[in-house]
Amino acid sequence: YPTTSPTLPAPTPFSLGSSTYDSSGNTGMGGIMFDIKALNDVEINQLTWQFNGGYGGSYTYACYKKTALGAHTDTDMFDSNKWTLIASASAESVVSGAVTSPFSVEVPSGEVQAFYIHGISRSIISQDGGGSSTSVVYKSDDNIEIRTGRGLFSGGVFSRGYGTNYLSNPKFQMVTYQLKPYPSNPPTIYPTTSPTLPAPTPFSLGSSTYDSSGNTGMGGIMFDIKALNDVEINQLTWQFNGGYGGSYTYACYKKTALGAHTDTDMFDSNKWTLIASASAESVVSGAVTSPFSVEVPSGEVQAFYIHGISRSIISQDGGGSSTSVVYKSDDNIEIRTGRGLFSGGVFSRGYGTNYLSNPKFQMVTYQLKPYPSNPPTIYPTTSPT
């Protein structure tokens, strides 16, 4: 009997907002925080905004969603622990609006989801003023409502400089979305049962024992991992530079393309993909990233980069003679000598390309592949009635 899935049409994208630039009533600000209410089940996939000039250049940004459903409030709008980074890269400043990388945020009908977009290397522009409160609907269609937002100061993400009363309509925030439910895995034609498989075995390479010898502070470290078998890397640890017991923000990237990091791509944010970003507690056994999934086929090399945002990290002052030298290995992966990066912001060039550093506190947690994410189905031997 046939076991293939029916072919479904691609979901229809919708958008609410305008890509037409309007100069009236604009003002510069660091970022804008605003709420979207779903009138039907939706999946939000991209946002646009306007950088403050600089047309033709590319500038960095960060886009967050409030981790929990619900409108943003006076008490959580400056608390980075209540927010999740969903897109962060460089985008070109154009008159029709800069556009985030694609993401997926599902909002059930009747629920409210808060968003926050902030210009990192260049401020943004939006409307100077808005509705009387953040519950006022600024724009709507049959599926979503975009509400009056609040401008945030340009002194860094989640800056309190403007306080809580700087109302601003999200004038240039065009929202691209699709309607849900849309089955990611369409049902098979006939009833199926899946075999029960054991959970994959986690492995780790590195040490959670703190060793103070030969350490130095740095903004972040970039290093390569070579897979000796097919692996899926799931978490990294590192050491913040002191501050034990406190929580500090970090960003963890993978090089988008397989291959070792090089002199030419190590400072180019366009060549890297953010895989984890949040707050983590500084403890002697090491801070730990949020879980992620990066598959590396046997024989390939994958570059990683971890950077302390609100507190620098520590690693070894010096390492092998080059970034191809193996620092630690087991039967499945090799961790190679890395390079320290300056604390003047992610992808900072302050140390140049020659600051070799062994990834001393980078414990790598991984599992062996292949491990089927969707185990094969078992089909009945008699036809359905």
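Keep in mind that the numbers below use all heavy atoms, side chains included, and drop hydrogens, waters and symmetry copies. Computed from a predicted model, the values in this text were never measured in an experiment.
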- Item | Exercise: identify the closest heavy-atom pair between M77 and F158 | O-CD2, 3.5 Å
- Enter the distance from N169:CG to S126:OG here, rounded to the nearest 0.5 Å. 7.5 Å
- Message: Go through it in stages, so that I can follow the logic: the residues are T100 and I117, the test is side-chain contact (heavy atoms from CB on, under 4.5 Å), and I'd like the CA-CA distance, side-chain angles, deciding distance and then a yes or no.
- Response: CA-CA 9 Å; T100 65; I117 186 129; 3.7 Å; yes
- Query: Should the pair F153 and Y162 be assigned to parallel (<30°), tilted (30 to 60°) or perpendicular (>60°) ring geometry?
  - Reply: perpendicular
- Note on the structure: Rounding to 0.5 Å, atoms CG (L258) and CD (Q302) come to a distance of 5.5 Å
- Query: Taking T148 for the side chain and G131 for the main chain, is one N or O donor matched with an acceptor at less than 3.5 Å?
  - Reply: yes
- Query: In chain order, what residues pass the side chain to side chain contact (heavy atoms under 4.5 Å, CB included) check against A287, with sequence neighbours excluded?
  - Reply: W238, F240, A280
- Take T256 and T273, measure what side chain to side chain donor-acceptor pair (under 3.5 Å) needs, and give me the verdict at the end. CA-CA 5 Å; T256 306; T273 298; 2.7 Å; yes
- Task: Under the salt bridge (charged side-chain N to carboxylate O under 4.0 Å, His left out) rule, collect the residues that match up with K328, sequence neighbours excluded.
- Result: none
- Query: To the nearest 0.5 Å, how far apart are CG in N165 and OG in S133?
  - Reply: 11.5 Å
- Check against side-chain contact (heavy atoms from CB on, under 4.5 Å), Q46 and V99: CA-CA 7 Å; Q46 254 175 336; V99 186; 3.5 Å; yes
- Message: Ignoring hydrogens and geometry beyond distance, is a side-chain donor-acceptor pair present between N81 and S279 at under 3.5 Å?
- Response: yes
- Hits for salt bridge (charged side-chain N to carboxylate O under 4.0 Å, His left out) against D76, two or more places apart or cross-chain, chain-then-number order -> K66
- Item | Q127 backbone acceptor or donor facing S168 side chain under 3.5 Å | yes
- Note on the structure: Note: A62 and L85 closest approach over all heavy atoms is CB-CD1, 3.8 Å
- Task: Please report the C-alpha distance between Y366 and N234 in whole Å, then the side-chain angles of each, then the deciding distance to 0.1 Å, and finally whether the side chain to side chain donor-acceptor pair (under 3.5 Å) criterion is met.
- Result: CA-CA 5 Å; Y366 67 92; N234 302 120; over 6 Å; no
- Message: Can you give me the closest heavy-atom contact between D141 and L39, atom names plus distance?
- Response: O-CD1, 3.5 Å
- Task: For side-chain contact (heavy atoms from CB on, under 4.5 Å), just list the numbers for T164 and R150, CA-CA rounded to whole Å, side-chain angles, deciding distance to a tenth of an Å, and then say yes or no.
- Result: CA-CA 7 Å; T164 61; R150 293 193 261 200; 3.7 Å; yes
- Task: Check the hydrophobic clustering (I, L, V, M, F, W, Y; side-chain heavy atoms under 4.5 Å; chains of links allowed) and say if V231 and F304 are grouped together.
- Result: yes
- Should F267 and Y355 be counted in the same cluster of Ile, Leu, Val, Met, Phe, Trp and Tyr side chains packed under 4.5 Å apart? no
- Message: For I125 and F172: C-alpha separation, side-chain torsions, deciding distance, then whether side-chain contact (heavy atoms from CB on, under 4.5 Å) applies.
- Response: CA-CA 8 Å; I125 53 175; F172 299 111; 4.1 Å; yes
- Test side chain to side chain contact (heavy atoms under 4.5 Å, CB included) applied to S24 - qualifying residues, sequence neighbours left out: D22, K171
- Item | Sidechain-backbone polar pair: Y248 side chain, G243 backbone, donor-acceptor under 3.5 Å | yes
- Query: Quick one: salt bridge (charged side-chain N to carboxylate O under 4.0 Å, His left out) partners of D41, sequence neighbours excluded?
  - Reply: none
- Message: Can you tell me how far apart NZ (K37) and OG (S109) are? Round to the nearest 0.5 Å.
- Response: 8.5 Å
- Are I146 and L152 co-members of a hydrophobic cluster defined by side-chain heavy atoms under 4.5 Å apart? no
- Query: Are any of the side-chain heavy atoms of I221 and I313 separated by less than 4.5 Å?
  - Reply: yes
- Query: Looking at Q367 and F203, what are the two nearest heavy atoms and their distance?
  - Reply: CA-CD1, 4.4 Å
- Determine whether I120 and Y116 fall in the same hydrophobic cluster, where Ile, Leu, Val, Met, Phe, Trp and Tyr are linked whenever their side-chain heavy atoms lie under 4.5 Å apart. yes
- Message: Could you check, using the six-membered ring where one of them is a Trp, whether F34 and Y138 have ring centers closer than 6.0 angstrom?
- Response: no
- Taking only residues two or more places apart in sequence, or in another chain, which ones meet S123 in a side-chain hydrogen bond (donor to acceptor under 3.5 Å, both in side chains)? N52
- Message: Determine whether a donor-acceptor pair (N or O, by modelled atom type, separation under 3.5 Å) exists between the side chain of S282 and the backbone of S247.
- Response: no
- Item | Those residues that, when tested against S285, pass side chain to side chain contact (heavy atoms under 4.5 Å, CB included) (two or more places apart) | S208, V283
- Message: Under 4.5 Å between side-chain heavy atoms, counting indirect links through other Ile/Leu/Val/Met/Phe/Trp/Tyr residues: same cluster for V175 and Y64 or not?
- Response: no
- Any donor and acceptor pair, going by atom type alone, linking the side chain of N229 with main-chain N or O of L368 inside 3.5 Å? no
- Sequence neighbours excluded, which residues qualify as side chain to side chain contact (heavy atoms under 4.5 Å, CB included) partners of A71? D35, V112
- Query: With sequence neighbours left out, what residues match D79 under salt bridge (charged side-chain N to carboxylate O under 4.0 Å, His left out)?
  - Reply: K82
- List for me each residue that meets side-chain hydrogen bond (donor to acceptor under 3.5 Å, both in side chains) alongside T75, sequence neighbours excluded, and say none if there are none. T73
- Is any side-chain heavy atom of K65 closer than 4.5 Å to a side-chain heavy atom of V105? yes
- Query: side-chain hydrogen bond (donor to acceptor under 3.5 Å, both in side chains) with R336: which residues, sequence neighbours excluded?
  - Reply: none
- Rounded distance (nearest 0.5 Å) linking atom OG of S104 with atom CD of E43: 3.5 Å
- Message: Please find the pair of heavy atoms, one from M222 and one from W272, that lie closest to each other, and give the distance.
- Response: SD-CZ2, 3.4 Å
- Task: Would you please say whether a donor-acceptor pair under 3.5 Å links the side chains of S80 and T249?
- Result: no
- Starting at OG of S159, measure out to CE of M29 and round the result to the nearest 0.5 Å. 12.5 Å
- Would you find a donor on one side and an acceptor on the other, under 3.5 Å apart, between the side chain of S277 and the backbone of Y250? yes
- Query: Who passes side-chain hydrogen bond (donor to acceptor under 3.5 Å, both in side chains) against Y21, sequence neighbours left out?
  - Reply: N26
- Smallest heavy-atom separation, V95 atom then Q50 atom, equals O-NE2, 2.5 Å
